[in-house]
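Below is one structure. I have some questions about it.
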Amino acid sequence: MSIPSLSNNLLTLTHSLGRNQQSITDALTRLSTGDRIVRPSDDVAGIGAGAKFDAQQRRLDAAQVNVQNGTSRLQATDGFLQQIGEALTRMSELSVFARDTTRSDADVTLYEREFQQLQAQLRSTIGGTTAEIGGTSDVAQPFGTFAGNELFGASGATSLAIGLHPDETVTLPDLNLRTGAMQSLLMQDGAGAFTLQLGDAAALDTLNGALAQVAGGRAELGGVQSRLTLAASQLETTHANLDSVVSRIRDTDVASDTTALSRLQLLSEAHTAMLAQGREIPAKLVSLLTA
């Protein structure tokens, strides 16, 4: 082998060793960071796809929060409706007691007081303006609120985004209890007295109508809550699928990179040994020529 040929071979080995060392560094970086893409040039398309999927994941996260908030609002609303229903049931019971001729006037008076107290509680829970429920002043801050929003007025339905696309929405029902039979129970005159009294002939029918309003509202809430439960499950599935896709794009294949690293390290050791031997040959040739 001529000296120039040997030099060329040594140069080739040196370059090969350098590339091998860079590959080892890349493999170590992937294994230590868990990222398959060390530099943008490793997977240009993967970087673009990963950014797109990141945006989708953020939108899914927001939709999941919306669904959770919507579910919480429905649960809060249903809790208030349950309490309202219990109050109406007790009021209807009092209405029947008041029609018992064996009761004393003192008993009936006590029933009337409890009936009015329950009316006042309903009024405080549902709220409303004097134009809606009469009285001397508005009930502007009722108990029946969620996140500062009234639950039982004509505030309009609330729309929630529950998916990635604009048309994936659900509407939370608007339960206006300041109308119909319930309004009759809440209504006060200009002096602040309730216009519907326990002894009125229409009291029991009005209570039945109000109970029907509450039952209808709870049924409507239940339907929407079922849809939100299904939407939450679908969002979790979609999120898991996206996580899997992003993982395939970005996460390193530990088994593959570990195998590659072992192979590269063996090649590097072989290159180093060959370079060491190659550098000894010129010295041996010189010693032979000068012997």
Side-chain angles (χ1 to χ4, degrees), residues 70 72-101 103 107-158 171-226:
S72 296
R73 173 171 171 149
L74 292 178
Q75 290 172 341
T77 304
D78 187 65
F80 281 115
L81 287 178
Q82 184 175 3
Q83 294 169 9
I84 291 171
E86 291 173 355
L88 292 173
T89 299
R90 175 58 180 169
M91 291 168 74
S92 65
E93 184 181 19
L94 293 172
S95 179
V96 173
F97 284 156
R99 286 168 172 73
D100 184 355
T101 56
R103 307 280 180 175
D107 289 337
V108 173
T109 298
L110 291 175
Y111 295 151
E112 288 175 346
R113 289 178 182 175
E114 184 179 354
F115 190 87
Q116 291 175 3
Q117 288 295 324
L118 291 172
Q119 282 180 292
Q121 185 62 30
L122 290 177
R123 187 180 171 92
S124 298
T125 300
I126 297 170
T129 64
T130 55
E132 293 172 315
I133 57 175
T136 58
S137 61
D138 297 342
V139 182
Q141 295 180 323
F143 295 136
T145 61
F146 180 81
N149 298 315
E150 297 181 7
L151 296 175
F152 303 114
S155 57
T158 301
T171 300
L172 303 186
D174 177 21
L175 302 178
N176 187 2
L177 296 185
R178 300 169 188 172
T179 61
M182 187 67 75
Q183 182 186 41
S184 299
L185 289 172
L186 304 178
M187 187 64 66
Q188 291 181 344
D189 59 24
F194 287 102
T195 58
L196 182 72
Q197 303 296 319
L198 174 63
D200 292 349
L204 195 55
D205 287 339
T206 301
L207 287 165
N208 287 334
L211 281 166
Q213 278 183 272
V214 171
R218 294 193 70 184
E220 190 173 0
L221 290 177
V224 177
Q225 190 165 359
S226 294

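Note that the structure is a prediction, hence the values are computed from the model and not measured.
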Item to check | Taking every non-hydrogen atom, the tightest pair across Pro173 and Leu221 | outcome: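 For Pro173 and Leu221, the tightest heavy-atom pair comes out as CG-CD2, 3.6 Å.
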Next on the checklist: Please enumerate all residues that pass ring-ring contact (aromatic ring centres under 6.0 Å, His included) together with Tyr111, with sequence neighbours excluded.
Outcome noted: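 So Tyr111 forms a ring-ring contact (aromatic ring centres under 6.0 Å, His included) with Phe97.
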Checklist entry - Who pairs with Thr129 by side chain to side chain contact (heavy atoms under 4.5 Å, CB included), at least two apart in sequence or on another chain? => result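 Checked Thr129 against side chain to side chain contact (heavy atoms under 4.5 Å, CB included); matches are Ala131, Glu132, Asp138.
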Checklist entry - What distance separates Leu172 CG from Glu220 CD, expressed to the nearest 0.5 Å? => result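 Rounded to the nearest 0.5 Å, the CG-CD separation comes to 10.0 Å.
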Checklist entry - Can you list the steps and then say if Thr195 with Asp200 is a side chain to side chain contact (heavy atoms under 4.5 Å, CB included)? => result CA-CA 10 Å; Thr195 58; Asp200 292 349; over 6 Å; no
Item to check | Those residues that, when tested against Glu93, pass salt bridge (charged side-chain N to carboxylate O under 4.0 Å, His left out) (two or more places apart) | outcome: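 Salt bridge (charged side-chain N to carboxylate O under 4.0 Å, His left out) check on Glu93 returns Arg90.
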Checklist entry - Ignoring hydrogens and geometry, is there a side-chain-to-backbone donor-acceptor pair from Ser95 to Met91 under 3.5 Å? => result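 Side chain of Ser95 to backbone of Met91, a donor-acceptor pair under 3.5 Å: no, none is there.
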Item to check | Verdict with reasoning, Leu81 to Leu175, per side chain to side chain contact (heavy atoms under 4.5 Å, CB included) | outcome: CA-CA 10 Å; Leu81 287 178; Leu175 302 178; 3.8 Å; yes
Checklist entry - Do Leu198 and Glu114 have side-chain heavy atoms sitting under 4.5 Å apart? => result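 Sidechains of Glu114 and Leu198: no contact.
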Item to check | Which residues share a salt bridge (charged side-chain N to carboxylate O under 4.0 Å, His left out) with Arg99, sequence neighbours left out | outcome: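 Scan of Arg99 (salt bridge (charged side-chain N to carboxylate O under 4.0 Å, His left out), adjacent residues dropped) gives none.
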Item to check | Heavy-atom pair with the smallest gap, counting every atom of Leu177 and Leu186 | outcome: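 In this case the closest contact between Leu177 and Leu186 is O-CD1, 4.0 Å.
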Checklist entry - Quick one: CD on Glu112 to CD on Gln119, what's the gap to the nearest 0.5 Å? => result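 Here the interatomic distance stands at 10.5 Å.
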Next on the checklist: Could you check whether any side-chain N or O of Arg218 sits under 3.5 Å from a backbone N or O of Gly85, counting only pairs where one atom can act as donor and the other as acceptor?
Outcome noted: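 Answer holds: no.
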Item to check | Test item: Arg113 and Gln117 side chains (from C-beta on) under 4.5 Å apart, heavy atoms | outcome: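 When only atoms from C-beta onward are counted, Gln117 and Arg113 do not touch, as no gap falls below 4.5 Å.
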Checklist entry - Any idea which heavy atoms bring Thr125 and Ile84 closest together, and the distance? => result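 Closest approach of Thr125 to Ile84: CG2-CD1, 4.2 Å.
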Checklist entry - How far apart are the closest heavy atoms of Glu150 and Thr145, and which atoms are they? => result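 Looking at all heavy atoms of both residues, the closest pair is CA-CG2, 4.0 Å.
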Item to check | Under the side-chain hydrogen bond (donor to acceptor under 3.5 Å, both in side chains) test, residues paired with Gln83 that sit two or more places apart | outcome: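 side-chain hydrogen bond (donor to acceptor under 3.5 Å, both in side chains) check on Gln83 returns nothing, list empty.
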Next on the checklist: Rounded at 0.5 Å granularity, tell me how far CZ in Arg123 sits from CE in Met187.
Outcome noted: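 The distance works out to 8.0 Å.
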Next on the checklist: Looking at Arg103, I'd like to know if its CZ atom is crowded, meaning that more than 12 non-hydrogen atoms belonging to other residues, nucleotides or ligands lie closer than 6.0 Å.
Outcome noted: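 Yes, because the 6.0 Å sphere around CZ of Arg103 holds more than 12 heavy atoms from other groups.
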Side-chain donor-acceptor pairs under 3.5 Å in residues 203-210, sequence neighbours left out?
unit_1 : atom_1 : unit_2 : atom_2 : d
Thr206 : OG1    : Ala202 : O      : 2.7
Asn208 : ND2    : Leu204 : O      : 3.4

Checklist entry - So among Gln121, Gln183, Arg178, which one has a side-chain contact (heavy atoms from CB on, under 4.5 Å) with Ile126? => result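 With Ile126 as partner, Gln121, Gln183, Arg178 yield a single side-chain contact (heavy atoms from CB on, under 4.5 Å), made by Arg178.
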Checklist entry - Closest approach of Phe80 and Phe143, non-hydrogen atoms and distance? => result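 Nearest heavy atoms, Phe80 then Phe143: CZ-O, 3.1 Å.
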Next on the checklist: Run Leu88 and Leu185 through side chain to side chain contact (heavy atoms under 4.5 Å, CB included) and show every step you take.
Outcome noted: CA-CA 10 Å; Leu88 292 173; Leu185 289 172; 3.4 Å; yes
Item to check | Heavy-atom closest contact (Leu151 atom, Phe146 atom, distance) | outcome: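 That would be CD2-CB, 3.8 Å.
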Checklist entry - Is the backbone of Ala181 close enough, under 3.5 Å, to the side chain of Gln213 for a donor and an acceptor to pair up by distance? => result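 Yes, the answer is positive, given that a donor and an acceptor are paired below the 3.5 Å cut-off.
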Next on the checklist: Assess the residue pair Gln225 and Asp78 against the criterion (side chain to side chain contact (heavy atoms under 4.5 Å, CB included)); give the C-alpha distance rounded to whole Å, side-chain angles, the decisive distance to 0.1 Å, and a yes or no.
Outcome noted: CA-CA 10 Å; Gln225 190 165 359; Asp78 187 65; 5.5 Å; no
